[in-house]
Number of protein chains: 2
Amino acid sequence: MPAEASSASPASPPLTERQEARRRRILHASAQLASRGGFDAVQMREVAESSQVALGTLYRYFPSKVHLLVATMQDQLEHMHGTLRKKPPQGETAAERVAETLMRAFRALQREPHLADAMVRALTFADRSVSPEVDQVSRQTTVIILDAMGLENPTPEQLSAVRVIEHTWHSALITWLSGRASIAQVKIDIETVCRLIDLTAPTDAS
Amino acid sequence: MPAEASSASPASPPLTERQEARRRRILHASAQLASRGGFDAVQMREVAESSQVALGTLYRYFPSKVHLLVATMQDQLEHMHGTLRKKPPQGETAAERVAETLMRAFRALQREPHLADAMVRALTFADRSVSPEVDQVSRQTTVIILDAMGLENPTPEQLSAVRVIEHTWHSALITWLSGRASIAQVKIDIETVCRLIDLTAPTDAS
DNA sequence: CGCTAATCTAGAACAAGTTTCAGACTTGAT
DNA sequence: ATCAAGTCTGAAACTTGTTCTAGATTAGCG
């Protein structure tokens, strides 16, 4: 991989050390509060206080609560990707490996359901003004799935399948978080959608 | 079908005529405002004024903005279902018919993108307190899809496929509404996910 | 060091969702 | 027709996201 800073903003003015530290404190406070009470518990004033930053500064770093939570998600996703890379999934087929990866991620989210709630709700509630950041999250997710599939050059068909998997992943997460689906159901649906991978694999007919 | 009032609440005290009229005025105002500026344009004070009802009354009928918008969605879904029933889709296979139905619904939403935005954002932003209503919307959607498939007794596998299709439907809609996906992409993804139907059809191996 | 521009802080102010309350109006039962 | 219970109204209050302002601090530079 190219030697590029792994984190965020492209071409924005580089942050000083103290600024980087502030940013980190804010994200930490955000995740902490979210872990307590989910989306509603992340109150901007509290985040500011908790990270020892003025409210105005918080808004300079993250122009809205949704921006903040989406950034928090990016942060967590990086962790997750790192963790997953260390122990690649074991399944025989691509579909199995993707399903395994997603269920692993799902179990990680289960451990902090409130945090998951905050991040996912922010992600789907985001409007156009947050598109770049949401897109970044989406790209990162795509990379994780393609990694699990072991693909370098996916066909357009496969990319569509991956998008559908991501859709299902987000939406299933939401139904679980709002208590409308059981974990078993989420598992089944993930496995179901992952069958699309085999279906779009350029194996015999091409 | 059983002779039951088609609309909402089970077992809640029956509404008087004037109350039914109020409810209707409120839903109308909600849809109207939503059609203008989407989620943000539906301001509770404006809805109240616009439907000639006191703010407190509005909150008695719909305990939150999200409840209101989800109810608006139920309302619109009923319309849609009626319309779709009149002209059933023409496709040969179940997958084609479902995809056609969804794309037809999608084009209907395209005509009122702001309204679609408001309803869908409310739907995915809804927390546990709105679960019953969201579930109702989900059931209604399921009925529409099963209708298009022409199925009476779906297998659990098929139900999972239908859920995945719904997930994809919602999520794809969101990415389109927030400008992160083109209409073409939505179409492709819908068609892709609909292939699951053939995959889970109990045709040969059972 | 001393200057300038940018950044940060504290706090007030504003906007919109939600709650509350006192009093007027409806409804249903007697 | 009358009373009690429930409902509706208008208005104020409260909460939390967001914006704004004036002054203090910091960073980069000569």
Side-chain angles (χ1 to χ4, degrees), chain A residues 9 12-27 29-30 33-34 36-72 117-119 121-122 125-130 133, chain B residues 9 12-27 29-30 33-34 36-72 117-119 121-122 125-130 133:
Chain A
S9 26
S12 35
L15 301 183
T16 72
E17 214 162 308
R18 303 187 55 186
Q19 287 175 322
E20 192 55 53
R22 270 189 206 105
R23 197 186 133 85
R24 213 113 284 297
R25 284 206 306 279
I26 293 173
L27 286 175
S30 166
L33 287 170
R36 289 242 190 297
F39 189 89
D40 294 333
V42 181
Q43 302 196 354
M44 298 304 268
R45 282 173 244 261
E46 281 204 44
V47 173
E49 183 174 2
S50 201
S51 48
Q52 304 194 269
V53 136
L55 192 53
T57 305
L58 172 52
Y59 273 94
R60 171 185 281 272
Y61 280 74
F62 302 97
S64 79
K65 174 168 171 171
V66 169
H67 281 87
L68 170 58
L69 283 172
V70 171
T72 304
D117 170 78
M119 298 190 306
R121 296 259 294 287
F125 190 59
D127 67 359
R128 302 181 104 86
S129 72
V130 204
E133 289 80 358
Chain B
S9 25
S12 33
L15 301 184
T16 72
E17 216 161 305
R18 305 186 56 187
Q19 287 175 321
E20 191 54 53
R22 269 190 207 105
R23 195 187 134 84
R24 213 112 284 299
R25 284 207 306 280
I26 293 173
L27 286 175
S30 165
L33 288 170
R36 289 242 190 296
F39 189 90
D40 294 332
V42 181
Q43 302 196 353
M44 299 305 268
R45 284 174 244 259
E46 280 205 46
V47 173
E49 184 173 2
S50 201
S51 48
Q52 305 195 268
V53 136
L55 192 54
T57 306
L58 172 52
Y59 273 95
R60 171 184 283 272
Y61 280 74
F62 303 97
S64 78
K65 175 168 172 171
V66 168
H67 281 86
L68 171 58
L69 284 171
V70 170
T72 304
D117 170 78
M119 296 189 307
R121 296 259 294 286
F125 190 58
D127 65 0
R128 300 183 104 87
S129 72
V130 205
E133 289 81 358

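First the proteins, then the strands, lettered A, B, ... as listed; each starts at 1.
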Pairwise N/O distances under 3.5 Å, protein to nucleotides 11-19 of chain C:
{"unit_1": "C/dA16", "atom_1": "OP1", "unit_2": "B/Gln43", "atom_2": "NE2", "d": "3.2"}
{"unit_1": "C/dA16", "atom_1": "N7", "unit_2": "B/Arg45", "atom_2": "NH2", "d": "3.4"}
{"unit_1": "C/dG17", "atom_1": "OP1", "unit_2": "B/Val42", "atom_2": "O", "d": "3.3"}
{"unit_1": "C/dG17", "atom_1": "OP1", "unit_2": "B/Lys65", "atom_2": "NZ", "d": "2.8"}
{"unit_1": "C/dG17", "atom_1": "OP2", "unit_2": "B/Met44", "atom_2": "N", "d": "3.0"}
{"unit_1": "C/dG17", "atom_1": "N7", "unit_2": "B/Arg45", "atom_2": "NH2", "d": "2.5"}
{"unit_1": "C/dG17", "atom_1": "O6", "unit_2": "B/Arg45", "atom_2": "NH2", "d": "2.8"}
{"unit_1": "C/dT18", "atom_1": "OP2", "unit_2": "B/Tyr59", "atom_2": "OH", "d": "3.0"}
{"unit_1": "C/dT18", "atom_1": "OP2", "unit_2": "B/Lys65", "atom_2": "N", "d": "2.9"}
{"unit_1": "C/dT18", "atom_1": "O5'", "unit_2": "B/Tyr59", "atom_2": "OH", "d": "3.4"}
{"unit_1": "C/dT18", "atom_1": "O4", "unit_2": "B/Arg45", "atom_2": "NH1", "d": "3.3"}

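A/Ser129 pairs by the side chain to side chain donor-acceptor pair (under 3.5 Å) definition with A/Asp127, not counting sequence neighbours. Here A/Phe39 pairs with B/Phe125 under the ring pair (Phe, Tyr, Trp, His ring centres under 6.0 Å) rule; sequence neighbours left out.
Two residues are said to be in side-chain contact when any heavy atoms from C-beta on lie closer than 4.5 Å; B/Met44 and B/Leu68 meet this criterion.
Judged as a side-chain hydrogen bond (donor to acceptor under 3.5 Å, both in side chains), not a single pair has a partner in residues 38-51 of chain B (not counting sequence neighbours). Screening residues 54-70 of chain B for side-chain hydrogen bond (donor to acceptor under 3.5 Å, both in side chains) gives B/Ser64-B/His67 as the qualifying pairs, with residues at least two apart or on separate chains.
Among the protein residues, B/Glu17 comes within range of no part of the nucleic acid, since none of its heavy atoms lies under 4.0 Å from any strand. No contact: A/Phe62 has no heavy atom under 4.0 Å from any strand.
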(request) Sugar-phosphate means primed atoms, P, OP1 and OP2; the rest is base. With that split, encode nucleotides 23-30 of chain C 5' to 3' as B, S or - using protein heavy atoms under 4.0 Å. (result) ---SS---
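Here CD1 of B/Ile26 is found 8.5 Å from CZ of B/Arg23. Values are rounded to the nearest 0.5 Å. Here the CD-CD distance, from A/Glu17 to A/Glu20, works out to 9.0 Å after rounding to the nearest 0.5 Å.
The shortest non-hydrogen separation linking B/Ala122 to B/Leu69 is CB-CB, 3.5 Å. When all heavy atoms are compared, the tightest approach of A/Val47 to A/Ala29 is O-CB, 4.1 Å.
Atom P of nucleotide C/dC8 and atom CZ of A/Arg23 are separated by 13 Å, given to the nearest angstrom. The distance between atom CG of B/Leu58 and atom C1' of D/dC8, rounded to the nearest whole Å, is 12 Å. Distance, A/Leu33 CG to D/dT16 P: 13 Å, rounded to whole Å. We find that CD of A/Glu46 is positioned 12 Å from C1' of D/dT15, with the value rounded to whole Å. Taking atom OH of residue A/Tyr61 and atom P of nucleotide C/dA6, one finds them 16 Å apart after rounding to whole Å. When rounded to the nearest whole Å, the span between CZ of A/Arg22 and P of D/dT25 equals 14 Å. We find that CZ of A/Arg60 is positioned 13 Å from C1' of D/dT26, with the value rounded to whole Å.
Under 4.0 angstrom from either OP1 or OP2 of C/dC8 there lies at least one side-chain N or O belonging to A/Gln19.
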